[in-house]
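This is a predicted model, so every value here is computed, not measured.
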Amino acid sequence: MHSFGYRANAVVTFAVTILAVMCSIASLSDNFNNPSPTADIKVLNINWFQKQPNGNDEVSLTMNISADLQSMFTWNTKQVFVFVAAEYETPQNALNQVSLWDGILPTKEHAKFWIHTTNKYRFVDQGSNLRGKAFNLTLHWHVMPKTGKMFADKIVMTGYRLPDSYR
């Protein structure tokens with residue numbers, strides 16, 4: 001005859017196994033989601049473009065950011081972290097990325113948004129490489145699931161250029 005301890009151990013082991021199988025199925029079910037996000041970023045104004053006393057270039061932008069990331073949300077999505085980065089090349093680096101704005105989308109209802117903002121974080125280049133520089137604005141997102149691995153992707157918007165002279 002089995003003791004109470006053996007029976008409790010068998011029940012707990014069975015429950016944990018079923019939980020692990022359910023979490024695996026939940027994680028795998030996200031692979032069937034085909035998201036179709038859209039985004040658009042318009043630079044409305046370059047508020048200032050100046051050389052700092054230490055020789056670095058600094059830019060302040062006013063932007064309209066609109067995006068529809070609702071297709072990212074499934075029943076397994078906890079939240080989506082989203083940010084806008086300016087990306088450009090310099091002689092020293094093949095890729096420079098500067099985060100300009102970020103946000104956390106906790107629900108599907110918040111995932112379709114339009115925001116009028118200046119860059120939340122400073123757009124500074126280490127050196128004086130930004131005059132007349134072409135750059136891309138990229139909307140990045142990281143989907144944080146309740147269970148399973150994180151998923152990240154981006155939309156790159158091209159065709160932006162900084163002025164040839166400081167303002």
Side-chain angles (χ1 to χ4, degrees), residues 27 29-167:
S27 180
S29 72
D30 275 348
N31 293 332
F32 298 112
N33 183 31
N34 292 322
S36 54
T38 59
D40 186 43
I41 302 173
K42 300 227 185 304
V43 175
L44 302 177
N45 189 29
I46 297 175
N47 303 325
W48 74 78
F49 180 31
Q50 62 191 12
K51 188 171 193 159
Q52 295 177 328
N54 61 6
N56 296 336
D57 285 348
E58 181 178 5
V59 182
S60 173
L61 305 171
T62 300
M63 303 172 284
N64 279 347
I65 305 168
S66 62
D68 184 357
L69 303 177
Q70 290 180 329
S71 63
M72 295 289 163
F73 280 82
T74 65
W75 65 273
N76 190 31
T77 304
K78 181 176 181 181
Q79 65 185 11
V80 176
F81 175 71
V82 60
F83 68 98
V84 173
E87 299 176 344
Y88 58 95
E89 295 179 7
T90 59
Q92 294 86 6
N93 299 306
L95 177 63
N96 295 278
Q97 293 180 313
V98 180
S99 182
L100 302 178
W101 174 87
D102 66 8
I104 295 175
L105 308 174
T107 63
K108 186 174 186 173
E109 290 74 33
H110 291 95
K112 188 172 187 177
F113 62 92
W114 177 88
I115 184 168
H116 176 82
T117 185
T118 58
N119 44 307
K120 187 175 178 181
Y121 305 107
R122 296 173 58 183
F123 185 174
V124 176
D125 178 65
Q126 295 178 344
S128 53
N129 299 306
L130 293 180
R131 284 178 291 169
K133 181 65 68 181
F135 66 99
N136 299 330
L137 289 175
T138 305
L139 183 77
H140 296 263
W141 60 84
H142 296 264
V143 178
M144 297 168 195
K146 293 175 185 165
T147 182
K149 66 177 187 167
M150 283 183 35
F151 168 73
D153 207 353
K154 63 186 175 183
I155 296 176
V156 178
M157 286 148 274
T158 61
Y160 303 98
R161 183 170 291 281
L162 292 169
D164 292 325
S165 60
Y166 298 116
R167 297 182 185 179

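- Under the salt bridge (charged side-chain N to carboxylate O under 4.0 Å, His left out) criterion, K120 pairs with D102, not counting sequence neighbours.
- Here CD of Q79 is found 5.0 Å from CD1 of I104. Values are rounded to the nearest 0.5 Å.
- Between the side chain of D68 and the main chain of Q70, a donor-acceptor pair closer than 3.5 Å is present.
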* **Audit row: H116, L44, side-chain contact (heavy atoms from CB on, under 4.5 Å) steps and yes/no** => CA-CA 9 Å; H116 176 82; L44 302 177; 3.4 Å; yes

* L69 vs W141, side-chain contact (heavy atoms from CB on, under 4.5 Å): CA-CA, chis, key distance, verdict -> CA-CA 9 Å; L69 303 177; W141 60 84; 4.2 Å; yes

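- No more than 12 heavy-atom neighbours from other residues, nucleotides or ligands sit within 6.0 angstrom of NE2 on H110.
- Annotation: the span from R122 atom CZ to Q52 atom CD amounts to 5.0 Å, rounded to 0.5 Å.
- With hydrogens and angles ignored, the 3.5 Å screen pairs no side-chain donor or acceptor of K149 with any backbone N or O of M144.
- The two residues P37 and I155 come nearest to each other via the heavy atoms O-CD1, 3.8 Å.
- Between F81 and F83, a ring centre-to-centre spacing shorter than 6.0 Å is recorded.
- For the atom pair CG (D164) and CZ (R131), the distance works out to 9.0 Å, reported to the nearest 0.5 Å.
- Between T90 and L130, the closest side-chain pair of non-hydrogen atoms is not below 4.5 Å.
- D125 and Y88 share a side-chain donor-acceptor pair at under 3.5 Å.
- Here the shortest heavy-atom pairing between A86 and L100 reads CB-CD1, 3.9 Å.
- D40 and S66 share no side-chain donor-acceptor pair at under 3.5 Å.
- Within the 4.5 Å cutoff, the side chain of L61 has heavy atoms near those of the I46 side chain.
- Summarising the geometry, atom CG belonging to N96 is positioned 9.0 Å from atom CZ belonging to F123; distances are rounded to the nearest 0.5 Å.
- A donor-acceptor pair under 3.5 Å links the side-chain atoms of S71 to the main chain of S36, judged by distance alone.
- Of all heavy-atom pairs between G127 and N56, the closest is N-OD1, 2.9 Å.
- A donor-acceptor pair is defined here as one N or O able to donate and one able to accept, closer than 3.5 Å; such a pair exists between the side chain of K146 and the backbone of W75.
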* Y121/V98 under side-chain contact (heavy atoms from CB on, under 4.5 Å): CA gap, chis, key distance, verdict -> CA-CA 8 Å; Y121 305 107; V98 180; over 6 Å; no

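- Put simply, the side chain of N47 reaches to within 4.5 Å of the side chain of T118, judged on heavy atoms.
- H142 and A152 get closest at one heavy-atom pair: ND1-CB, 3.3 Å.
- Looking at I115 and N64, their side chains never come closer than 4.5 Å, going by heavy atoms from C-beta outward.
- Atom CZ of F113 is separated from atom CD1 of I65 by 7.0 Å, given to the nearest 0.5 angstrom.
- Between N76 and P145 there is a side-chain heavy-atom pair separated by less than 4.5 Å.
- The shortest non-hydrogen separation linking M72 to T77 is O-OG1, 3.3 Å.
- In this structure, a donor-acceptor pair under 3.5 Å is absent between the side chains of N45 and T62.
- Note that NZ of K108 and OG1 of T74 are 9.0 Å apart. Values are rounded to the nearest 0.5 Å.
- Side-chain contact of N136 with T158: a donor-acceptor pair under 3.5 Å is absent, judged by distance alone.
- When all heavy atoms of N129 and Q92 are compared, the pair lying nearest together is ND2-OE1, 3.5 Å.
- Side-chain atoms of L95 and E87, non-hydrogen and from C-beta on, do get closer than 4.5 Å to each other.
- Applying the ring pair (Phe, Tyr, Trp, His ring centres under 6.0 Å) test to pairs two or more places apart or on separate chains, those with a residue in residues 144-167 are F49-Y166, F135-Y160.
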